[in-house]
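Presented below is the structure to which this report refers.
All chains are named by letter (A, B, ...) in the order of the sequence lines, taking the proteins before the strands, and each is independently numbered beginning at 1.
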Amino acid sequence: MKKSVDVAVIDYGMGNLHSVSKALQHIAPDQTIWVGDDPDTIKNAGRVVYPGVGAIRDCMGEVRSRGLDQVIQEVAKTKPLLGICVGMQGMMRHSEENGGVDCLGLFDDNVEFFSSTFERSGLPSGELKVPHMGWNQVAKTHDHPLWNNIDDGARFYFVHSYYVAAQSCSSAVGVANYGIDIAAMIARDNIFAVQFHPEKSHKDGLQLLKNFMQWDGVS
Amino acid sequence: MGLAKRIIPCLDVDNGRVVKGVQFVDIRDAGDPVEIARRYNEQGADEITFLDITASHEGRDTTVKTVEKMASEVFIPLTVGGGIRECQDIRRMLNAGADKVGINTAAIFNPDFVKEAAERFGSQCIVVAIDAKQVEAASENSAGRWEIFTHGGRKPTGIDAVEWAAKMTNFGAGEILLTSMDQDGVKKGFDVGLTRAVSEAVSVPVIASGGVGNLQHLVEGITEGHADAVLAASIFHFGEYTVGDAKKFMAEQGIEVRI
């Protein structure tokens, strides 16, 4: 059955997607927000959100077993696509979580573990807690339509143990620091992805989602 | 600048109403949970913790509806604890819109439940709640000893609170919500010895809870207890201070907060 929806939130059976759809519904009450895994509906949606929580192996496993990897690759070329948290990590080339997992490769970066990095850099154990949990500042490194009406240095809610290093990430448009500079927002063509949870980041998070809803996908 | 210390108002909810007790008894009504959560959100709360203290099944259904309503209006993280005994309970709360669940008694009776839950839902949404009482005062040789109690503080378990926190972290807990039962509701400040001992023993964030009576207490939880977040109920519920007042005061004391 083919449905026509304004926004498709990809549901691949992991975690809490309700907060994403509730936040979208709150800022765009007139739009149809659909949550599901039907490839045709996702391909025909006006814009697509690829969220995620939990472990990357399970996330990628579920995405692939439902054939959604191909769908996301296709959507990334044709319409605005927003990756959130593990969704953003799933867009990278490879993650070192779960002993190493290949991801979608929409970006050429790798996902690393905070604890290993802290250990390597000789940071005393427990100095910085893992997960990186709470409200951190994001510095604007490049302008982008999704930064509209959001201050440079605004705080967003993060909760994650794995990260993409900002230094090597040429697509980063927002950077946060937690022992190391991490890519908090990345963008290229029709793709925008965030490591934090905009749906849980109060006014600035809702503003970012509003900006996404108004974005035509050309950065 | 970097990660902010969090201020978390806590709602103890019984049958759809926010209540507050002193040392887990002597309950006072404080209002409608959704209305209160909305108010704290506007004041700049960093998260909301919702502790369901309802005993009945009907009350649990009310809780699910309240969480759903709260999650469609308040866009900050929401932790729900109380009565979480199996994965089905976690699924139900996450589906209702909770971001994290607090596991307390069930972890004591079946520690593997925490492991199972963390594997299935991810450590980021598993908070292990610990209710501890001091059983040995601090001395020259030790920082003191705290034991875990269940059943509203009536039943000792013989489990050392600091060791337990470390074990739960190894089992996959992503955060520890640490309540001092000696201090709860008496408004004399956190048990900073307990808070510091646990915070230093685990690699995950620790939320200090129990005992806040003024804004200086919140500061002490961070500076002396080394907590990553501070939780309080009655100072906010009964209008003594707003969350904004608390953040302003903490910022003046040099603590990084989200304003």
Side-chain angles (χ1 to χ4, degrees), chain A residues 14-27 52-59 85-86 97 114-115 118 124-139 153-162 176-179 181 197-206 209, chain B residues 1-8 41-42 44-48 67-78 90-91 93-101 118-125 127 169 172-176 199-207 226-229 256-259:
Chain A
M14 298 286 298
N16 175 16
L17 306 174
H18 298 260
S19 45
V20 179
S21 61
K22 275 176 175 162
L24 290 168
Q25 202 67 75
H26 182 80
I27 54 151
V53 292
I56 194 80
R57 184 187 48 213
D58 297 345
C59 285
C85 197
V86 176
E97 191 175 4
F114 274 122
S115 302
F118 293 163
S125 170
E127 178 88 9
L128 288 173
K129 303 291 182 85
V130 179
H132 169 218
M133 184 187 285
W135 298 79
N136 207 335
Q137 289 188 296
V138 177
R155 288 184 185 277
F156 294 91
Y157 187 81
F158 289 80
V159 50
H160 61 124
S161 302
Y162 293 80
N177 184 275
Y178 193 63
D181 280 343
H197 288 272
E199 76 281 12
K200 287 290 157 182
S201 296
H202 199 213
K203 287 179 186 151
D204 287 323
L206 295 180
L209 293 176
Chain B
M1 296 296 276
L3 190 65
K5 298 295 179 186
R6 289 170 282 155
I7 297 186
I8 308 177
N41 179 46
E42 280 159 18
D46 295 310
E47 293 187 31
I48 299 284
V67 169
E68 271 172 6
K69 193 148 187 279
M70 206 177 273
S72 27
E73 294 185 35
V74 176
F75 299 101
I76 56 175
L78 174 61
I90 300 177
R91 168 62 61 208
M93 286 308 166
L94 295 182
N95 282 346
D99 300 283
K100 314 182 211 177
V101 293
E119 271 166 24
R120 189 143 156 211
F121 303 102
S123 289
Q124 83 291 333
C125 71
V127 182
T169 306
E175 195 170 30
I176 300 289
S199 195
E200 286 175 354
V202 301
S203 57
V204 301
V206 173
I207 305 166
H226 297 180
D228 302 281
E256 187 166 352
V257 290
R258 176 180 70 106
I259 293 191

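Contacts between B:Glu200 and chain A at a heavy-atom distance below 4.5 Å are absent for every atom of the residue. Using a 4.5 Å cut-off between heavy atoms, B:Ala229 does not touch chain A at all. With a 4.5 Å cut-off on non-hydrogen atoms, A:His132 touches chain B through its side chain but not through its backbone. Both the backbone and the side chain of B:Asp46 come within less than 4.5 Å of a heavy atom in chain A. Contacts between B:Arg258 and chain A at a heavy-atom distance below 4.5 Å involve backbone atoms as well as side-chain atoms. For a residue to count as touching a neighbouring chain, one of its non-hydrogen atoms must lie under 4.5 Å from one of that chain's; by this rule A:Ala55 does not touch chain B.
Options A:Leu206, A:Val86, A:Val159, A:Asp58 differ in how many heavy-atom pairs under 4.5 Å they form with chain B, and the most are formed by A:Leu206. Options B:Pro77, B:Ala4, B:Ser72, B:Ser199 differ in how many heavy-atom pairs under 4.5 Å they form with chain A, and the most are formed by B:Pro77. When each of A:Gly134, A:Ser161, A:Gly153 is checked for heavy-atom pairs under 4.5 Å with chain B, A:Gly134 comes out on top.
Side chain of A:Glu199 to backbone of A:Val20: no donor-acceptor contact under 3.5 angstrom is found. Judged by distance alone, with hydrogens and angles left aside, the side-chain atoms of A:Asn136 form a donor-acceptor pair with the main-chain N or O of A:Asn177 at under 3.5 Å. Listed for the A:His160 side chain is a donor-acceptor partner under 3.5 Å among the backbone atoms of A:Tyr162. Remark: the backbone N or O of B:Gly97 is not paired with any side-chain donor or acceptor of A:Ser19 at under 3.5 angstrom.
For the atom pair B:Ile48 CD1 and B:Ile76 CD1, the distance stands at 4.5 Å (nearest 0.5 Å).
Summarising the geometry of B:Leu3 relative to A:Tyr178, their closest heavy-atom pair is CD2-CE1, 3.6 Å, with the distance given to 0.1 Å.
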Practice item. Report the C-alpha separation of A:Phe114 and A:Leu128 in whole Å, then their side-chain angles, then the decisive distance to 0.1 Å, and conclude whether the side-chain contact (heavy atoms from CB on, under 4.5 Å) test is met. Key: CA-CA 9 Å; A:Phe114 274 122; A:Leu128 288 173; over 6 Å; no
